2 protein chains.
Amino acid sequence: MTEMPTLRRPRPAADEASPGAPLRRLSLYQVVAERLRHMVLEGELAAGSRISEKRLCEAFEVSRTPLREALKVLANEGLVELLPNRGAQVTAVDPAEVHDLFEVMAALEGLSGHLLVERASDAEIAEIRALHARMLELHRRQRRQEYFEANQRLHRRLTEIAGNRVLLEQQGQLTHKITRARYAANLQQGRWDESAQEHGVILAALEARDAAALSAAMVEHMRRTGAAVLDGLTASRR
Amino acid sequence: MTEMPTLRRPRPAADEASPGAPLRRLSLYQVVAERLRHMVLEGELAAGSRISEKRLCEAFEVSRTPLREALKVLANEGLVELLPNRGAQVTAVDPAEVHDLFEVMAALEGLSGHLLVERASDAEIAEIRALHARMLELHRRQRRQEYFEANQRLHRRLTEIAGNRVLLEQQGQLTHKITRARYAANLQQGRWDESAQEHGVILAALEARDAAALSAAMVEHMRRTGAAVLDGLTASRR
DNA sequence: GGCGGTCAAATTGAATTCAAAATACAGTAT
DNA sequence: ATACTGTATTTTGAATTCAATTTGACCGCC
């Protein structure tokens, strides 16, 4: 059988003119890493499953070089594991790790609460209030996926307002892992209702600019979420 | 001039027999990443300096592939920055970031304190006592470098005993960056003396198994260290 | 049928190659 | 002398190639 002489495809010239393109082209490995991250977080790549480089290269239409660079970055983040000479696999969600994760997140939320009271402007508090209102609406209409996304944005926005960039980055990393656990856990309706209420308490403390109360409410919220996720995890694997 | 026809040097066969070798061979990129990390932390690669891939490849005697993989991992850790099409450079130490760093570290130390009182065995407390005694001795004899290393080990050991693996990992990452800042700051004798005393307070609270006191002491220790480092940083760049 | 053993094919780790971009350099006009 | 332009050189991004290892098929044997 005659093989098509697959010709070398060099990186395309950086044409400034492409209309909707981002301001400056990302490296291929960054694009691949981001797509992989998504696939792992959403469970599109099952936990524990082997990753075939060839398959992913074909799926992403890149050579092995940027794919392998991306895998090494994700391995450093703990989302995949590299088995020497035997490729990569998606890291399994370990309940013990999830427990530890929420313990650390709670501590960071505590800090966030204190900083927020110090640093949030009235306008920013109004912004949070609006986000909260939108979430209540989504809760009322039972839009689970949208609520979840709004929730992520709210938490991220709170940390942004807290104004500590290291905190923002650390929480980002931990949130990645928590997202995975959350997908795996598949939380119950009861916890959802509770969670929406806790957000109300958090907002009230923020509006009152009561650092102790806000910090406590955020820590408690994270503790309860962690407990529910762990519960869901152990339930879902019998 | 006749160029020596540099021949391809394949990876060496994994001979099990090599005596002092580690149990399983590390990938080249891991070795390179670790060496690079060291060079950045110790200031061997100056902050802000451009990194030439060629030079480093020659220094490490590896090809560009594993070197570039390592650079991407370090970039993800924030130790280097990748400028598109213009190579890598060592991330500068930013005082604002250092401030944020210590704020987050203090929060994590607070958690660590609570966990330690819950989880440390008597034997582990004795171990910490011994480490502390050794540090006092090093302080008395003014062995600055050794004291610093013992200090790192003590803090790491405390977090290990706290028994939260996520906490251990996060602190590890932050400690990397703090180490850089500390080198750049070059702390004063006065702070060293203070620090040794604060360790005494920490040990006492741990021995008394007083969670609130231990947590507070660890937070305070981190806060003061942070203040001193920031002070040193701003002083050293006039 | 199940168990080792051998060899071919596939996969991985890392060096090399090739094209695009950035940089250095020379010559020219101002 | 300085700024500017076009060209050669170097460096970077990513595809490809090559060697070592793992995987898997096939086979004889019990």
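By convention in this document, chain letters (A, B, ...) are assigned in the order of the sequence lines, proteins followed by strands, and residues within each chain are numbered from 1. Being a predicted model, the structure only gives us computed values, none of them experimental.
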Establish, with yes or no, whether the OP1 or OP2 oxygen of dA15(C) is under 4.0 angstrom from a side-chain nitrogen or oxygen of R64(B). no
What orientation do H199(B) and Y147(B) show, parallel under 30°, tilted 30 to 60°, or perpendicular over 60°? parallel
Interatomic distance, L28(B) CG vs dT21(D) P [rounded to whole Å]: 13 Å
Rounding to a whole Å, what distance do you find between E58(B):CD and dT11(D):C1'? 13 Å
Can you tell me the distance, in whole Å, between the CD atom of E53(B) and the C1' atom of dA21(C)? 13 Å
Separation of dG13(C) atom C1' from K54(A) atom NZ, nearest Å, is 17 Å
dT21(D) C1' sits how many Å from L82(A) CG, rounded? 16 Å
Do the side-chain N or O atoms of R86(A) get closer than 4.0 angstrom to the phosphate oxygens (OP1, OP2) of dT11(C)? no
Taking for N85(B) and for S63(B) the nucleotide of DNA chain C with the nearest heavy atom, the one nearer the 5' end belongs to S63(B)
Crowding at CZ, R37(A) (>12 non-hydrogen neighbours, <6.0 Å): yes
How close or far is atom P of dA14(D) from atom CG of L26(A), stated in whole angstroms? 10 Å
Relative to the 5' end of DNA chain D, which residue comes earlier, R50(A) or R50(B), by the nucleotide with the nearest heavy atom? R50(B)
dA14(D), OP1 or OP2 - any side-chain N/O from T65(A) closer than 4.0 Å? no
Is it true that a side-chain atom of E124(A) and a backbone atom of S121(A) form a donor plus acceptor pair closer than 3.5 Å? yes
Take atom CD of E69(A) and atom P of dT12(C), then tell me their distance rounded to the nearest Å. 16 Å
Taking 4.0 Å as the cut-off, does a side-chain nitrogen or oxygen of R68(B) come that near to OP1 or OP2 on dG13(D)? yes
DNA chain D nearest-nucleotide lookup for E61(A) and G87(B): closer to the 5′ end is G87(B)
L67(B) CG - dT12(D) C1' separation (whole Å): 12 Å
Is the ring pair Y183(B)/F148(B) parallel, tilted or perpendicular, if the boundaries are 30 and 60 degrees? perpendicular
If you measure only the distance, is there a donor-acceptor pair under 3.5 Å linking the side chains of R191(B) and T225(B)? yes
Students often get this wrong, so: under 4.0 angstrom with heavy atoms, is S27(A) touching a base, only sugar-phosphate, or nothing? sugar-phosphate
